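Read the structure below first, then the notes.
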There are 2 protein chains.
Amino acid sequence: MIPSINMVTTKEILDTIESGGHRPTASRRRVLDAVVARGDGFTAEELVAEVKGLGRATIYRTVRLLLKEGLLCKLSLQDGAPRYTLFHRLGHHHHLVCVGCGVVQEFRQSVIEQMLMNLEASGTGTIMGHRIEVYVLCPACLPKVGS
Amino acid sequence: MIPSINMVTTKEILDTIESGGHRPTASRRRVLDAVVARGDGFTAEELVAEVKGLGRATIYRTVRLLLKEGLLCKLSLQDGAPRYTLFHRLGHHHHLVCVGCGVVQEFRQSVIEQMLMNLEASGTGTIMGHRIEVYVLCPACLPKVGS
DNA sequence: CTACTAAATGATACCTAGTATCAATATGGT
DNA sequence: ACCATATTGATACTAGGTATCATTTAGTAG
Ligand SMILES: [Mn+2]
Ligand SMILES: [Mn+2]
Ligand SMILES: [Zn+2]
Ligand SMILES: [Zn+2]
């Protein structure tokens with residue numbers, strides 16, 4: 001297997017958690033294994049179904065911890081539970097989500113950040129954050145939709 | 001009162017509903033009155049609390065109807081229930097939401113739509129939609145945050 | 001290794017937001 | 001007025017998630 005910029009190991013994540021003052025417990029390792037095994041996005045509930053024997057609360061707490069430590073991206077889609085993906089350390093970015101299969105791509109566009117600065121300068125208020133999600137049909141899903 | 005482009009009356013909305021083949025019932029009128037009375041954003045649950053005597057299901061159904069008829073904008077924030085605002089007939093636009101008081105401003109930026117076309121041309125898939133939300137502290141809320 | 005302390009866990013109950021059902025009611029059209 | 005259908009609301013149900021708290025575990029000092 002060729003290592004890529006997208007590759008993140010359970011151990012790396014566990015180290016980050018530990019350096020944040022949290023214990024690298026067996027439960028957390030099991031959740032992380034599941035997260036890393038899926039390359040793509042997932043919901044908390046999917047983890048609950050996948051990782052047997054751990055309490056729901058522990059799974060949700062772990063997801064919250066990973067989010068707080070900046071290890072996950074959270075995507076709040078139009079409906080349904082939020083989806084999470086590993087944060088790939090590419091810095092600030094946005095997401096393209098396939099409405100067919102749920103696969104998540106990342107993109108960055110400096111034009112957006114520039115636009116936001118202009119917007120702030122126009123007196124709308126102090127910008128605290130933003131979210132941009134683009135919904136696509138990926139090349140694999142496009143042929144499948146009967147339309 | 002000076003009519004503005006933002007002014008929408010219960011009757012106008014009811015007419016739109018009717019021309020969409022739906023009945024302008026007393027329940028719907030009551031929900032609309034509440035929606036129009038609030039100038040700002042609201043959640044479905046807030047309407048349930050505000051409009052006494054109507055069943056929860058009716059309120060939720062009415063919100064769904066208004067959304068389908070293009071009379072409401074839906075904002076899915078990071079957490080909590082989605083917020084809705086009257087669609088002001090300004091055409092496609094995006095939202096600035098104050099994280100302090102929840103007030104919603106609208107904005108349009110052609111640079112965004114241009115960027116999306118470029119993104120699509122780069123082979124990421126067929127764009128089906130997008131959502132952009134900017135979180136701000138509005139001029140009224142900025143002084144209130146102790147930081 | 002042992003003992004201690006704080007962090008973490010999991011069972012449970014609870015909660016918010018929303019949907020499915022379905023009998024009763026209101027509406028618009030004849 | 002009558003009919004067919006749209007709408008309503010009570011109820012039960014679901015998904016997704018949080019609060020509690022007694023028990024367990026992990027790190028740490030002796
Ligand atoms: Mn991401
Ligand atoms: Mn709007
Ligand atoms: Zn796809
Ligand atoms: Zn504000």
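Only a predicted model underlies this, so the values are computations on that prediction, with no experimental measurement involved. In what follows, every chain begins at residue 1, and chains take the letters A, B, ... in the order their sequences are listed.
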Phosphate contact ([N] OP1 or OP2) by [X] side-chain N/O below 4.0 Å:
| X | N | result |
| --- | --- | --- |
| B:Thr58 | D:dG9 | yes |
| A:Arg64 | D:dT18 | yes |
| B:Thr25 | D:dT8 | yes |

Atom-pair distance ([atom1] on [X]; [atom2] on [N]), nearest Å:
| X | N | atom1 | atom2 | result |
| --- | --- | --- | --- | --- |
| B:Phe42 | C:dA17 | CZ | P | 15 Å |
| A:Arg23 | C:dA7 | CZ | P | 7 Å |
| B:Arg61 | C:dT25 | CZ | P | 16 Å |
| A:Lys52 | C:dT9 | NZ | P | 19 Å |
| A:Arg56 | D:dG16 | CZ | P | 9 Å |
| B:Arg30 | C:dA26 | CZ | C1' | 15 Å |
| B:Asp79 | C:dA17 | CG | P | 11 Å |
| A:Leu65 | D:dT18 | CG | P | 14 Å |

Base, sugar-phosphate alone, or nothing: which one does A:Arg28 contact when heavy atoms must sit under 4.0 Å apart?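 Contact class for A:Arg28: sugar-phosphate only.
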Quick one: label B:Gly53 by what it contacts on the DNA or RNA (base, sugar-phosphate, nothing), any heavy atom closer than 4.0 Å.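 Sugar-phosphate contact only - B:Gly53 comes under 4.0 Å of backbone atoms but never of a base.
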Can you tell me which nucleotide in D:dG16, D:dT8, C:dA11 comes closest to the side chain of A:Tyr60?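 Minimum distance to the A:Tyr60 side chain belongs to D:dG16.
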Less than 4.0 Å between a side-chain N and a carboxylate O, is that true for A:Asp15 and A:Lys11?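 Salt bridge between A:Lys11 and A:Asp15, a charged N being under 4.0 Å from a carboxylate O: yes.
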N-O pairing of B:Glu113 and B:Arg108 below 4.0 Å: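 A salt bridge is absent here (no side-chain N lies under 4.0 Å from a carboxylate O).
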Does any non-hydrogen side-chain atom of A:Val51 lie less than 4.5 Å from one of A:Leu54?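 Yes, side chains in contact.
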4.5 Å side-chain heavy-atom contact, A:Ile59 and A:Glu45: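 No - every pair of side-chain heavy atoms lies 4.5 Å or more apart.
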Quick one: on DNA chain D, does A:Pro24 or B:Ser27 contact a more 5' nucleotide (nearest heavy atom)?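 Final value for this comparison: B:Ser27.
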Between B:Ala57 and A:Leu54, just flag the one whose closest nucleotide in DNA chain C comes earlier from the 5' side.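 Its nucleotide being nearer the 5' end, the pick is A:Leu54.
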Would you mind telling me which residue lines up with the more 5' stretch of DNA chain C, B:Ala81 or B:Glu18, judged by nearest nucleotide?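 So the residue in question is B:Ala81.
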Please check: side-chain N/O of A:Arg30 versus main-chain N/O of A:Lys52, any donor-acceptor pairing under 3.5 Å?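 Yes; at least one donor-acceptor contact below 3.5 Å.
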